[in-house]
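Read through the structure below, which is laid out as structure tokens, and then see the notes.
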Amino acid sequence: MNVRTRFAPSPTGRLHLGNIRAAVFNWLFARRHDGAFVVRLEDTDVDRNVEGAEAQLLEDLAWLGVDWDEGPDVEGPHGPYRQSERMKLYRAAGEKLWAAGQAYPCFCEEGEGEESDPADPGFRRYSGRCRALSPAEAHRRVDAGEPYVMRLAAPLQGTIEVMDEVRGAISVPAEDIDDFVLLRADGRPTYNFAVVVDDVDMKITHVVRGSGHLSNTPKQALLFDAFAVPRPVFAHHAQILSPEGGKLSKRSGARAVADYRAEGFLPEALLNYLSLLGWSDPEGREVLTRDELIAAVSIERLGASDALYDPEKLRWVGSQHMARLSLDEIVAGVRPFLRAAGPPVGEWSGEVLESAVEALRTRLSAFGDVVEHLHYFAPSDEARTVALAAVRQDGSARTVIGAVAVAFAALPDREWTPAGLKAAIVQAGRDTGIRGKGLYTPVRLAVTGQEHGPDVARILHVIGREEALARLAEV
RNA sequence: GCCCCCAUCGUCUAGUGGCCUAGGAUCUCGCGUUCUCAGCGCGAAGACCGGGGUUCGAGUCCCCGUGGGGGUACCA
């Protein structure tokens with residue numbers, strides 16, 4: 001079978017962690033089987049469409065490395081790929097179902113003709129009143145221009161069974177699904193109808209999505225049946241919930257894909273983390289490349305229970321991917337963030353830049369993290385004041401600083417390197433008879449204003465002779 | 001209200017009746033490496049939601065309860 005999957009977002013805003021999850025799996029799955037991945041825009045709700053959202057959405061997908069074979073901006077044999085441009089198709093599909101006796105026009109006002117149950121306050125269901133109309137009358141009234149909606153002639157009794165690849169067979173009583181609306185009075189399709197018409201037309205073979213869509217599935221299955229086409233494979237995976245377990249909303253950490261991008265997060269790492277929610281590698285690996293994910297992905301390994309978004313683990317995955325990068329790659333990734341930080345760090349280049357990145361690389365989950373660690377090179381005034389005071393109070397420390405300053409001053413320029421500086425410090429230690437902590441800490445304090453941080457020699461290399469000597473002289 | 005789905009360490013998960021005195025990852029803590037921090041290595045702590053069944057045997061199967069998620073729209 002030629003696998004075809006799709007991602008069908010609404011252009012209502014940025015792509016979020018929640019909605020991207022389905023895109024990731026569908027894409028991985030299509031690639032795994034050399035199939036096609038289709039992007040379709042569900043923009044039938046004109047009021048909710050947001051200007052520019054479509055372009056951003058595609059941009060976010062592209063950044064993630066999720067590429068599509070057919071979509072709004074790619075010609076394909078099953079287009080157009082915007083629902084707003086497919087209106088004729090939905091109407092035609094409605095007519096077809098009517099002609100086949102699977103649907104019927106309904107002339108009731110909205111809310112009219114519904115059954116209710118005094119014993120069950122929340123109960124509401126369309127009675128099927130217009131279903132009883134004779135074909136002749138229905139046609140007469142439609143032809144007369146009377147407003148109507150098209151409803152599905154849903155099964156009256158029995159149970160509707162749907163096969164879900166993740167959770168097995170699920171069934172719902174037929175009475176719980178009424179003759180829902182397919183085409184609105186203004187001719188626009190409802191969500192469930194548009195989805196199925198498109199999935200049929202676009203020959204979608206696997207519908208993989210979050211468990212939130214599970215309750216739509218029986219309705220959609222009924223529609224596939226009404227069209228007399230085979231149902232696609234349905235698979236409902238875990239949905240992403242907020243860290244607290246509630247719905248993933250902006251407040252609860254549902255960040256836009258674009259935010260991660262802006263922070264310099266590695267797209268491959270985000271892809272990796274997302275795939276880990278509700279899916280597990282048969283070999284138990286947790287850090288996987290794009291290609292490894294494609295090779296490993298399968299519906300069988302999808303989980304049924306919802307997963308909580310865990311920013312901590314995301315960071316860890318990010319750091320793991322970062323660790324696999326070469327120094328050059330990190331330098332390149334970090335450069336824009338350094339530039340934005342302004343001088344002097346914005347002007348680092350060559351060996352100095354490399355040294356700085358080498359000093360910081362184990363602390364990065366994303367390129368943008370680099371700015372949080374710049375204080376190691378450019379300490380705040382308060383930090384230095386406090387640190388300097390501590391050094392001045394300590395006779396041994398002052399001795400060290402003096403010796404180190406002398407050693408540094410004598411260091412040829414070409415030896416102003418991490419190795420050369422380290423040697424100079426060691427030499428100063430020998431001269432003063434002070435070693436270990438007593439030797440390094442005063443230097444670190446005087447230079448960085450902090451007790452902890454990356455290799456002191458590296459920091460000295462980065463800040464340069466002039467600045468380094470100036471700081472030591474302040475003691 | 002009614003319908004559907006879900007339920008293993010705080011979190012992500014492995015586990016398809018005996019291999020489970022429940023494994024891995026993250027997080028936390030300790031030790032080691034090291035001038036310190038980060039990283040890395042090693043170790044510790046930490047879970048089968050509750051109650052009934054079925055079975056020689058249940059984390060694994062069934063039922064009920066509880067909790068969570070979703071639906072119940074001429075929203076998507």
Side-chain angles (χ1 to χ4, degrees), chain A residues 8-10 12 42-45 47-48 83 106 108-111 117 119-126 147-151 162 164 166-167 170-173 175-178 180-195 210-219 236 238-239 241 243 245-247 273 276-282 284-287 300-301 303-317 319-320 323 359-364 373 376 422 425-426 429 435-445 448 450-457:
Chain A
S10 302
T12 55
E42 311 219 322
D43 57 351
T44 56
D45 188 349
D47 296 338
R48 280 173 44 167
Q83 292 189 330
C106 167
C108 298
E109 294 279 317
E110 202 168 337
D117 181 355
D120 181 356
F123 179 81
R124 249 178 60 160
R125 181 174 64 183
Y126 180 65
Y148 68 97
V149 299
M150 191 67 80
R151 286 185 185 273
V162 180
D164 182 275
V166 174
R167 33 204 104 204
I170 65 166
S171 58
V172 37
E175 307 88 69
D176 287 329
I177 295 184
D178 69 353
F180 59 93
V181 173
L182 270 22
L183 292 169
R184 302 177 170 94
D186 63 7
R188 286 157 53 234
T190 55
Y191 167 73
N192 283 123
F193 189 55
V195 165
S211 59
H213 286 280
L214 203 55
S215 0
N216 286 323
T217 310
K219 290 183 182 178
H236 291 88
Q239 204 166 27
L241 268 27
K247 200 178 163 115
Y273 174 70
L276 253 26
L277 292 177
W279 176 83
S280 59
D281 175 51
R285 295 173 297 179
E286 304 226 296
V287 181
E300 299 102 78
R301 303 289 301 181
S305 51
D306 290 342
L308 272 42
Y309 165 61
D310 179 5
E312 300 253 31
K313 184 125 186 189
L314 206 215
R315 289 188 62 75
W316 177 77
V317 173
S319 72
Q320 292 298 306
L360 262 26
R361 61 175 299 169
T362 60
R363 295 160 208 262
L364 305 181
H373 301 293
Y376 291 123
K422 170 94 180 200
I425 294 170
V426 169
R435 290 181 305 168
K437 231 182 171 104
L439 172 61
Y440 286 89
T441 304
V443 180
R444 175 181 300 286
L445 244 24
T448 73
Q450 288 150 95
E451 229 177 313
H452 305 302
D455 187 75
V456 164

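Chain naming here is simple, since letters A, B, ... match the order of the sequence lines and numbering starts at 1 in each. Any value given below was found using the heavy atoms of this structure, including those in side chains, with hydrogens, waters and symmetry copies removed.
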Nearest-nucleotide 5' precedence on RNA chain B, A:P454 against A:L276: A:L276
Closest-nucleotide 5' rank along RNA chain B - winner of A:L364 and A:C108: A:L364
Nearest to the [X] side chain among [options], which nucleotide is it?
X: A:Q239; options: B:C35, B:C6, B:G69; result: B:G69
X: A:L214; options: B:C5, B:C6, B:A76; result: B:C5
X: A:R363; options: B:C37, B:U36, B:A25; result: B:C37
X: A:D120; options: B:A76, B:C4, B:C2; result: B:C2
X: A:E42; options: B:A76, B:U36, B:C6; result: B:A76
X: A:H452; options: B:C35, B:C37, B:C74; result: B:C37
X: A:K313; options: B:A38, B:G71, B:C12; result: B:C12
X: A:D306; options: B:G69, B:C74, B:C6; result: B:G69
X: A:R444; options: B:G69, B:C6, B:U36; result: B:U36
X: A:Y191; options: B:U26, B:A76, B:U36; result: B:A76

Taking the same atom, [atom1], in [N] and in [M], what whole-Å distance lies between them?
N: B:C19; M: B:C12; atom1: P; value: 26 Å
N: B:U8; M: B:A58; atom1: C1'; value: 14 Å
N: B:A22; M: B:U16; atom1: C1'; value: 15 Å
N: B:C5; M: B:G46; atom1: C1'; value: 29 Å
N: B:C31; M: B:G67; atom1: P; value: 44 Å
N: B:G43; M: B:U54; atom1: C1'; value: 42 Å
N: B:C6; M: B:U60; atom1: P; value: 15 Å
N: B:A14; M: B:G71; atom1: P; value: 25 Å

Checking base pairs now: Watson-Crick or wobble, both atom distances under 3.5 Å. What partners [N]?
N: B:C61; answer: B:G53
N: B:G1; answer: B:U72
N: B:C29; answer: B:G43
N: B:U66; answer: B:A7

A:S280 side-chain N/O to B:A14 phosphate OP1/OP2 under 4.0 Å: yes
Contact check, side chains of A:V166 and A:H236, non-hydrogen atoms, under 4.5 Å: no
Taking atom [atom2] of [N] as reference, at what distance in whole Å does atom [atom1] of [X] sit?
X: A:Q320; N: B:C12; atom1: CD; atom2: P; answer: 19 Å
X: A:R124; N: B:C74; atom1: CZ; atom2: C1'; answer: 11 Å
X: A:E175; N: B:U72; atom1: CD; atom2: C1'; answer: 15 Å
X: A:Y376; N: B:U36; atom1: OH; atom2: C1'; answer: 10 Å
X: A:K247; N: B:G69; atom1: NZ; atom2: P; answer: 10 Å
X: A:D178; N: B:C2; atom1: CG; atom2: P; answer: 18 Å

Interatomic distance, A:D306 atom CG to A:L308 atom CG [nearest 0.5 angstrom]: 8.5 Å
Atom pair OG1/CD of A:T441 and A:Q450 - distance to nearest 0.5 Å: 13.0 Å
Main-chain N/O of A:D43 paired with A:R48 side-chain donor or acceptor, under 3.5 Å: no
